[in-house]
Amino acid sequence: MSDDDSEPTGSEQADIDETRGFSNLEGTDLGGEESSQGLFDDLLSGEPIFENKEVLRPSYTPHELPHRSDQINKMATILVAALRGETPSNILIYGKTGTGKTASAKFVSKELESTSQKYSVPCDVEYINCEVTDTQYRVLAQLANKFIEKNKARIDDRIEELEALLDAVDEHGEATSSDTTAGSTRNDTDAPSVSSTTDEPAADVTGESTSTHPLESTPFTDRSEIDARIEHLEEDKDSFEEVPMTGWPTDRVYSVFFDAVDYDERVVVIMLDEIDKLVEKSGDDTLYNLSRMNSELKNSRVSIIGISNDLKFTDFLDPRVKSSLGEEEIVFPPYDANQLRDILEHRSEVAFKESALSDDVIPLCAAFAAQEHGDARRALDLLRTAGELAERSQTETIVEEHVRQAQDKIELDRVVEVVRTLPTQSKLVLFAIILLEKNGVHSINTGEVFNIYKRLCEEIDADVLTQRRVTDLISELDMLGIVNAVVVSKGRYGRTKEISLSVPLEETEAVLLSDSRLSSIDDVQPFVQARFEN
């Protein structure tokens, strides 16, 4: 063996490992059981508070929805037509955020699908969130692909049934052939005598099987017809072409969707959540096409359930769409504090370990959420966040202080999310207000904001809006609760807006500076200070 091929000695190997960034782990803390520094051990050492945290999330659909039985029953009386093979009326569901609209609609649709399977009535429910899928192309493409997937699955099931039928035909043929062969080898003297006077059926002297033929109760007369049917189904399956998420003309997407829906005889319920977002983004073309489908469909029937937070969004619809879409309307009123308490108690029984909640936690969560227009989602978020805070502090019981901390945390998270998603021009206006407040300016007026705003636009090379438009942006920030803008009379000097920040200054500034365009602003501080010294 050459020197080049020889094995390195122990010390040489250690040197090699060291140069490669490795070290011999044997006999060290890093390689042994004690390598863990207990980062998670301490967190896991305490008793968990939650039994099933998912129950407190908005995505969870409970088995029972307190205080929504009237709305659920009304939906059920409308959709029961689908179980009779008829077309249900279209439904529009209205209500503020967190009033149980989506949860109720999903609950009813789940019941509808399970009942349709029980009675062997073909019924499909498809859910689309229009806040995410917000254009006609995307809605139609997503629906088309879902129905193509369902059609392929049903074709596979039918092919499997037909292949089982072929096997039964083959087995029956083999059994018949075997019996015939056995009968032909017997002597005539072995055959039993047949009495013409008996009422009993005559025995089969040929030895052929008297069992029912597998094709007797089917539309097929022989094996070749089954083969032809399987071949036809496979051709149908191959003909389905999935729609890409971009690139096709919209009329082609609609055509593929139409064919996919009409392939089978069934009732289809399409649930469009946040339907107002779809109308706002891409007009009412999608609703127009969907609401007129039934006049062209041969096998299927389509019903639409629209869910909206905006009670006035139908004002912008084409009158024909409005009349066909809003055949039935269901309004979900906000929950009051007592109803929210019932919902939280119902969920908390499943969500938490026994005795994990102090008596004042649920009433406080319900009271906070009732102030937010009866929002059950807010109440559930509060309770879940309070539980998470208690778990992090390794306490065994959630108390009032955890709820108050959760309220502050959720409010801050909401502010961060709202500020983060503001348009650039609104961010610049807000940044100008923050800079003025940081420099000790009180009772900020619109003119002062506009002067700083112009300088910020120059810093990042952005277009400068008019002062009137900046005033409008301040009003929008006021509506969002980020600033407080009050119109104050100055007597003969007219009226002006006095503006102040309604959110934490440092956290809001940090969110603004996380924007890549605003992060390059460095030199405004001296400018602002100098401006007020003059």
Side-chain angles (χ1 to χ4, degrees), residues 49-77 91-111 273-274 307-311 329-391 395-411 413-414 481:
I49 286 177
F50 290 102
E51 188 77 53
N52 182 2
K53 192 191 292 187
E54 298 307 309
V55 172
L56 300 175
R57 296 196 184 277
S59 56
Y60 176 77
T61 303
H63 300 297
E64 184 183 342
L65 287 156
H67 307 292
R68 285 296 175 250
S69 55
D70 290 346
Q71 288 80 7
I72 287 171
N73 289 335
K74 187 172 181 181
M75 263 189 276
T77 56
I91 306 172
L92 276 181
I93 298 172
Y94 299 104
K96 290 183 179 294
T97 301
T99 52
K101 305 182 301 298
T102 302
S104 299
K106 284 185 174 181
F107 174 81
V108 173
S109 65
K110 192 182 290 185
E111 287 285 310
D273 201 356
E274 307 282 359
I307 304 173
S308 173
N309 298 331
D310 183 1
L311 279 75
E329 294 186 353
I330 302 174
V331 177
F332 280 67
Y335 294 109
D336 61 32
N338 291 328
Q339 291 173 334
L340 288 170
R341 189 181 303 181
D342 290 343
I343 292 167
L344 293 178
E345 285 175 352
H346 189 261
R347 299 277 187 105
S348 65
E349 289 173 4
V350 184
F352 294 102
K353 298 276 188 183
E354 193 174 347
S355 305
L357 295 172
S358 64
D359 293 339
D360 51 0
V361 166
I362 285 179
L364 187 58
C365 288
F368 277 142
Q371 293 171 4
E372 298 282 335
H373 314 296
D375 187 343
R377 194 174 301 173
R378 175 63 174 253
L380 291 167
D381 282 345
L382 262 175
L383 188 56
R384 190 191 74 252
T385 306
E388 289 171 348
L389 292 171
E391 208 167 49
T395 58
E396 295 180 0
T397 307
I398 305 167
V399 295
E400 179 183 335
E401 182 57 31
H402 294 129
V403 178
R404 297 193 182 279
Q405 289 173 9
Q407 170 81 339
D408 294 340
K409 182 179 183 298
I410 288 174
E411 185 60 32
D413 289 346
R414 186 192 73 83

Rounded to the nearest 0.5 Å, the CG atom of Leu344 sits from the CG atom of Leu382 at a distance of 8.5 Å
Can you confirm whether the side chains of Asp375 and Thr97 place a donor and an acceptor under 3.5 Å from each other?
no
Do Phe352 and Ile398 come within less than 4.5 Å of each other through their side chains, counting heavy atoms only?
yes
Please confirm whether the backbone N or O of Leu56 pairs with a side-chain atom of Arg347, one donor and one acceptor, at under 3.5 Å?
no
pair Leu65-Gln71: side-chain heavy atoms closer than 4.5 Å
no
The reported gap from CD1 in Ile343 to OG in Ser348 (rounded to nearest 0.5 angstrom) is 12.0 Å
What I want to check is whether the side chains of Ser308 and Asp310 have a donor and an acceptor closer together than 3.5 Å.
no
Glu51 side, atom CD; Glu354 side, atom CD - distance, nearest 0.5 Å:
10.0 Å
Any side-chain to backbone donor/acceptor pair from Thr395 onto Ala390? Under 3.5 Å, distance only.
yes
Heavy atoms, side chains only, cut-off 4.5 Å: are Thr385 and Lys409 in contact?
yes
Other residues, nucleotides and ligands only: do more than 12 of their heavy atoms fall within 6.0 Å of CD on Glu396?
no
Can Glu345 and Arg341 be counted as an ion pair, charged N to O under 4.0 angstrom?
no
So, do Ile330 and Tyr94 sit near enough that their side-chain heavy atoms are less than 4.5 Å apart?
no
Distance-minimising heavy-atom pair for Ala105 and Ile93
CB-CD1, 4.3 Å
Mind listing the closest non-hydrogen atom pair of Ala337 and Ala366 along with its distance?
O-CB, 3.5 Å
Are the side chains of Glu329 and Ile91 in touch, meaning some heavy atoms are under 4.5 Å apart?
no
Which atom pair, heavy atoms only, marks the closest approach of Val361 to Glu400?
CG2-N, 4.2 Å
Side chain Thr61, main chain Lys106, donor-acceptor under 3.5 Å:
no
Within 45° cone of Phe50 ring axis and under 6.0 Å: Lys53 NZ or CZ:
yes
For the residue pair Leu340 and Ala376, what are the closest heavy atoms and their distance?
CD2-CA, 3.5 Å
Which heavy atom of Arg68 sits nearest to which heavy atom of Pro334, and what is that distance?
NH2-C, 4.3 Å
Under-4.0 Å salt bridge between Glu411 and Arg414:
yes
Distance-only, no hydrogens or angles: does the Gln339 side chain make a donor-acceptor pair with backbone N or O of Asp336 under 3.5 Å?
yes
Side chain to side chain contact (heavy atoms under 4.5 Å, CB included), that's the test. Do Asp342 and His67 meet it? Break it down for me.
CA-CA 9 Å; Asp342 290 343; His67 307 292; 2.7 Å; yes
All heavy atoms of Leu389 vs all of Ala406, minimum pair found to be CD1-N, 3.5 Å
Does any N or O in the side chain of Lys101 come within less than 3.5 Å of the main-chain N or O of Lys96, such that one atom is a donor and the other an acceptor?
yes
Starting at CG of Asp413, measure out to CG of Asp408 and round the result to the nearest 0.5 Å.
11.0 Å
Do Ile49 and Lys353 come within less than 4.5 Å of each other through their side chains, counting heavy atoms only?
no
Is there a side-chain contact between Leu364 and Arg404, using heavy atoms and a 4.5 Å cut-off?
yes
Rounded to the nearest 0.5 Å, the CG atom of Asp70 sits from the CZ atom of Phe332 at a distance of 10.0 Å
Side-chain donor or acceptor of Arg378 paired with backbone N/O of Ile410 under 3.5 Å:
no
Do Leu383 and Leu357 have side-chain heavy atoms sitting under 4.5 Å apart?
yes
